[in-house]
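What follows is a short report on a single structure.
Only this structure's heavy atoms are used, side chains among them; waters, hydrogens and symmetry mates stay out. Bear in mind the structure is a predicted one, so any value in this text is a computation, not a measurement.
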Amino acid sequence: KKLLTLLSMKKNAKLSTASVPELLDQVQTLTKGICEKYGVSLKVSYSVDTLSMDKDLVCSALVNLVENSAKASAPGQTIRIQASQTGFAVADCGRGIPEKDLQRVTDPFYMGDPSRSKANGGFGLGLALVREIAAVHGGTLMLESSVGEGTTARIVIGNQTVTCR
């Protein structure tokens, strides 16, 4: 399903003004089960009420990032989503991504640690999908990570950057 979404995304994206609080509520609802499974909590905050976006695509991207963060986090940790006029940031305090893998994790089918991905049922498409969703919105996916400290994934809409930590 993700591969089909990836292939058809550019021609099917529909940008319109969408409610950020409604989007974040939807993401919380959709990720409740995975957060419970991994024993993590999700906190959301926003400094903007609406953004021009394809709400379904951005929801899919944020759900994917939260799932990745939940899998990388220890029970009891908190994942944070922050929304601003320049986009979204998903931050965790999980295991982090090794420097050698950081540039490649958005490549389709790339798995830095195949054993971990197989254990969690991944195919290596999630971050490629998120990167394409950012591109559809005229933006980029930026990843910052430190092994043992966590990862922040930013979906920057347009060509602006935002700092969220």
Side-chain angles (χ1 to χ4, degrees), residues 1-38 40-46 48-73 78-92 94 97 102 104-112 116-117 120-145 150-162 164:
K1 184 179 175 187
K2 283 184 183 177
L3 187 57
L4 292 173
T5 302
L6 195 59
L7 295 171
S8 67
M9 191 179 317
K10 286 183 181 156
K11 65 180 178 207
N12 294 330
K14 292 175 179 56
L15 302 185
S16 62
T17 301
S19 166
V20 171
E22 284 177 21
L23 169 68
L24 295 176
D25 283 347
Q26 186 178 3
V27 171
Q28 285 183 298
T29 299
L30 292 171
T31 59
K32 187 174 192 264
I34 194 113
C35 288
E36 288 173 355
K37 177 181 177 181
Y38 289 95
V40 298
S41 58
L42 179 63
K43 300 278 187 239
V44 301
S45 62
Y46 53 92
V48 62
D49 289 320
T50 62
L51 283 172
S52 178
M53 62 181 152
D54 183 310
K55 188 175 164 193
D56 292 338
L57 288 179
V58 173
C59 181
S60 180
L62 293 174
V63 165
N64 192 290
L65 292 174
V66 170
E67 286 180 357
N68 287 352
S69 289
K71 292 172 185 177
S73 296
T78 300
I79 299 163
R80 300 186 190 291
I81 301 177
Q82 294 176 304
S84 70
Q85 70 278 6
T86 56
F88 300 88
V90 177
D92 67 56
I97 302 167
L102 203 51
R104 299 208 42 219
V105 292
T106 59
D107 293 349
F109 306 110
Y110 181 78
M111 295 186 212
R116 190 175 74 228
S117 299
N120 289 326
F123 291 101
L125 287 173
L127 289 175
L129 187 65
V130 174
R131 184 187 65 202
E132 288 304 310
I133 290 170
V136 163
H137 288 83
T140 57
L141 170 63
M142 297 168 47
L143 298 172
E144 298 168 19
S145 191
T151 302
T152 299
R154 299 182 205 291
I155 298 172
V156 181
I157 297 174
N159 291 320
Q160 303 171 44
T161 58
V162 58
C164 295

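- When side chains are defined from C-beta on, Val44 does not count as touching Val27, because their heavy atoms never get closer than 4.5 Å.
- Checked for salt-bridge contact, Lys32 and Glu36 meet the test: a charged N lies under 4.0 Å from a carboxylate O.
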For this session: I would like to know whether Leu62 and Leu30 meet side-chain contact (heavy atoms from CB on, under 4.5 Å); could you show each step before the answer?
Result: CA-CA 10 Å; Leu62 293 174; Leu30 292 171; over 6 Å; no
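- The side chain to side chain contact (heavy atoms under 4.5 Å, CB included) test applied to Ala61 returns Val130, Ile133, Ile155, not counting sequence neighbours.
- Shown here are the side chain to side chain donor-acceptor pair (under 3.5 Å) partners of Ser145, two or more places apart in sequence or in another chain: Thr151.
- Annotation: the span from Ile157 atom CD1 to Thr86 atom OG1 amounts to 8.0 Å, rounded to 0.5 Å.
- The CG atom of Leu23 sits 5.5 Å away from atom SG of Cys59, with the distance rounded to the nearest 0.5 Å.
- Heavy-atom minimum distance, Val48 versus Val20: O-CB, 3.5 Å.
- Nearest heavy atoms, Met53 versus Ala18: CE-CB, 3.7 Å.
- Rounding to the nearest 0.5 angstrom, the gap separating the OH atom in Tyr38 from the CD1 atom in Ile79 is 10.5 Å.
- Every residue was checked against the side chain to side chain donor-acceptor pair (under 3.5 Å) condition with Ser45, not counting sequence neighbours, and none meets it.
- Going from atom CG of Leu24 over to atom CD of Gln82 covers 10.5 Å, rounded to the nearest 0.5 Å.
- Taking all atoms of both residues into account, the shortest heavy-atom contact from Leu51 to Gln85 is CD2-O, 3.6 Å.
- In this structure, CZ on Arg80 lies 7.5 Å from OG on Ser41, to the nearest 0.5 angstrom.
- Here Ser19 pairs with nothing under the side chain to side chain donor-acceptor pair (under 3.5 Å) rule; sequence neighbours left out.
- Applying the side chain to side chain contact (heavy atoms under 4.5 Å, CB included) criterion to Asp56, with sequence neighbours excluded, gives Asp54.
- Residues satisfying the salt bridge (Lys or Arg N to Asp or Glu O under 4.0 Å) criterion with Lys43, sequence neighbours excluded, are absent altogether.
- Under the 4.5 Å side-chain criterion, counting only non-hydrogen atoms from C-beta, Val66 is not in contact with Asp92.
- We find the OG1-CG distance between Thr29 and Leu42 to be 10.0 Å, quoted to the nearest 0.5 Å.
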